[in-house]
Amino acid sequence: MPELPEVEVTRRGIAPHVAGARLARIDVRNPSLRWPVPPGLDAVLRGQTLIGIERRGKYLLLEYAPGWLLVHLGMTGTLRVLPSPEAVPVAGVHDHVDLVFERCVLRYRDPRRFGAVLFHPRSAGDILAHPLLVSLGVEPLSDAFDGARLYAGTRGRSVSIKQALLTGTIVVGVGNIYASESLFRARINPRLAAGKLSRPRCEKLAQAVRETLAAAIEKGGSTLRDFVGSDGKSGYFQNEYFVYDRTGQPCRVCGTPIKQIVQGQRSTFYCPHCQK
DNA sequence: CCATGGTCCTGACAGC
DNA sequence: TGCTGTCAGGACCATG
């Protein structure tokens with residue numbers, strides 16, 4: 001379930017196992033992801049040491065001396081550490097890429113194949129200048145994201161605040177689940193035009209986004225071990241949703257049945273009493 | 001047929 | 001007439 005918290009939990013989960021490790025080879029079984037996995041990856045990266053893993057929005061940036069592997073998990077992607085190259089489980093139909101290190105394997109699985117594995121050579125400049133990254137909004141957990149930024153980013157926008165959050169041009173990492181959850185925490189109706197949010201409500205929403213994402217990362221943190229092994233469980237945060245996927249169930253604050261609507265072809269959940 | 005975690009891309013349109 | 005930005009909708013795909 002890769003929204004920003006899941007990507008960050010993945011990063012933290014796999015980094016200790018592979019950062020500083022030497023890549024023995026790359027196996028690409030099925031290159032047809034959102035964009036083709038570039039041919040010749042193995043030739044470029046074989047023998048290289050993984051310097052570290054960073055995250056920008058929902059993208060994972062795996063740094064090597066020759067350049068960066070850019071990994072996006074799409075809707076259904078996972079990256080898991082499998083213990084030993086000698087005893088790696090047989091790859092399933094959706095296990096598209098293996099990064100084979102000397103002491104473990106990092107396996108990319110993505111049933112729907114909406115994700116991506118790309119390469120950005122160092123000669124092409126800094127990874128943050130990559131076309132997919134260069135115009136992303138600010139990081140929600142950085143100092144750059146606050147009420148002022150949200151206020152500025154929403155002026156003149158007629159789209160709903162829910163959709164404005166999802167687009168990722170103001171702030172990155174807020175997906176369909178956490179958009180609904182954040183708006184509930186801020187007590188804001190998801191249908192409100194983004195440009196009509198008052199300055200105080202922007203402050204409140206920015207804070208709500210930070211809290212929602214931070215809490216989800218925290219919960220995911222308790223399942224870090226699940227990123228090692230063949231079958232990981234999902235995190236525990238889903239047990240704490242206020243509104244997401246709770247259509248008709250009582251609001252945890254006021255008891256009013258949670259309502260479900262469709263915005264931009266995606267479901268939105270909210271409490272019609274608490275969120276005005 | 002319905003839904004499901006993401007987001008790029010295109011085309012229409014508005015305003016300067 | 002461009003150019004820029006905004007917005008809606010389609011596209012990609014497997015699975016229950």
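Letters A, B, ... mirror the listed sequences (proteins, then strands); counts begin at 1.
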Flag for [Y]-[X]: side-chain donor and acceptor within less than 3.5 Å:
| X | Y | result |
| --- | --- | --- |
| A/E181 | A/T212 | no |
| A/N176 | A/K162 | yes |
| A/Y270 | A/R191 | yes |
| A/R103 | A/S84 | no |

Any A/S267 side-chain N or O less than 4.0 Å from OP1/OP2 of B/dT4: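 So the side chain of A/S267 is within the cut-off, an N or O lying under 4.0 Å from OP1 or OP2 of B/dT4.
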A/H94 side-chain N/O to C/dA14 phosphate OP1/OP2 under 4.0 Å: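 For C/dA14, neither OP1 nor OP2 has a side-chain N or O of A/H94 closer than 4.0 Å.
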Please give, in whole Å, the distance from [N] [atom2] to [X] [atom1]?
| X | N | atom1 | atom2 | value |
| --- | --- | --- | --- | --- |
| A/I261 | B/dA3 | CD1 | C1' | 17 Å |
| A/D245 | C/dG16 | CG | P | 17 Å |
| A/M75 | C/dG16 | CE | C1' | 14 Å |
| A/H96 | C/dC13 | NE2 | P | 11 Å |
| A/K162 | B/dG6 | NZ | C1' | 12 Å |
| A/I170 | B/dT7 | CD1 | P | 15 Å |
| A/W35 | B/dG6 | CH2 | P | 15 Å |
| A/L166 | B/dG6 | CG | C1' | 9 Å |

Separation between the P atoms of B/dC1 and C/dG10, rounded to whole Å: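 Their P atoms lie roughly 15 Å apart.
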A/H130 and A/H120 aromatic ring geometry - parallel, tilted or perpendicular at 30°/60° bounds: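 Ring orientation of A/H120 relative to A/H130: perpendicular.
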Residues touching DNA chain B, which here means a heavy atom under 4.0 Å, drawn from residues 53-62 of chain A: A/K58, A/Y59
Candidates A/V174, A/V243, A/D245 - the one meeting side chain to side chain contact (heavy atoms under 4.5 Å, CB included) with A/S180: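 Exactly one candidate clears the test, A/V243.
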Qualifying residue for side chain to side chain contact (heavy atoms under 4.5 Å, CB included) with A/Y108, from A/V28, A/T78, A/L33: A/L33
Sole candidate of A/D110, A/D95, A/D98 that passes salt bridge (charged side-chain N to carboxylate O under 4.0 Å, His left out) when paired with A/R29: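 Option passing the salt bridge (charged side-chain N to carboxylate O under 4.0 Å, His left out) with A/R29: A/D98.
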Pairwise side-chain contact, A/T247 with A/F269, heavy-atom cut-off 4.5 Å (strictly under): yes
Atom of A/G125, atom of A/W68 and distance for their closest heavy-atom approach: O-CZ3, 3.7 Å
Nearest atoms (heavy-atom pairs only) where A/A164 meets A/V159: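 For A/A164 versus A/V159, the nearest heavy atoms are CB-CG2, 4.2 Å.
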Contact list (N/O, under 3.5 angstrom) for nucleotides 5-12 of chain C vs protein:
from   : atom 1 : to     : atom 2 : distance (Å)
C/dC7  : OP1    : A/S158 : N      : 2.4
C/dC7  : OP1    : A/S158 : OG     : 2.6
C/dC7  : OP1    : A/V159 : N      : 3.1
C/dC7  : OP2    : A/R157 : NE     : 2.6
C/dC7  : OP2    : A/R157 : NH2    : 3.2
C/dG10 : OP2    : A/Q265 : OE1    : 3.3

Intra- and interstrand pairs of DNA chain C - dot-bracket, Watson-Crick/G-U under 3.5 Å, | marks other strand: .|||||||||||.|||
Touch class at under 4.0 angstrom, heavy-atom based, for A/L132 against every strand present: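 Sugar-phosphate contact only - A/L132 comes under 4.0 Å of backbone atoms but never of a base.
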Neighbour count above 12 (heavy atom, 6.0 Å) for A/H273 NE2: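 12 or below, so no.
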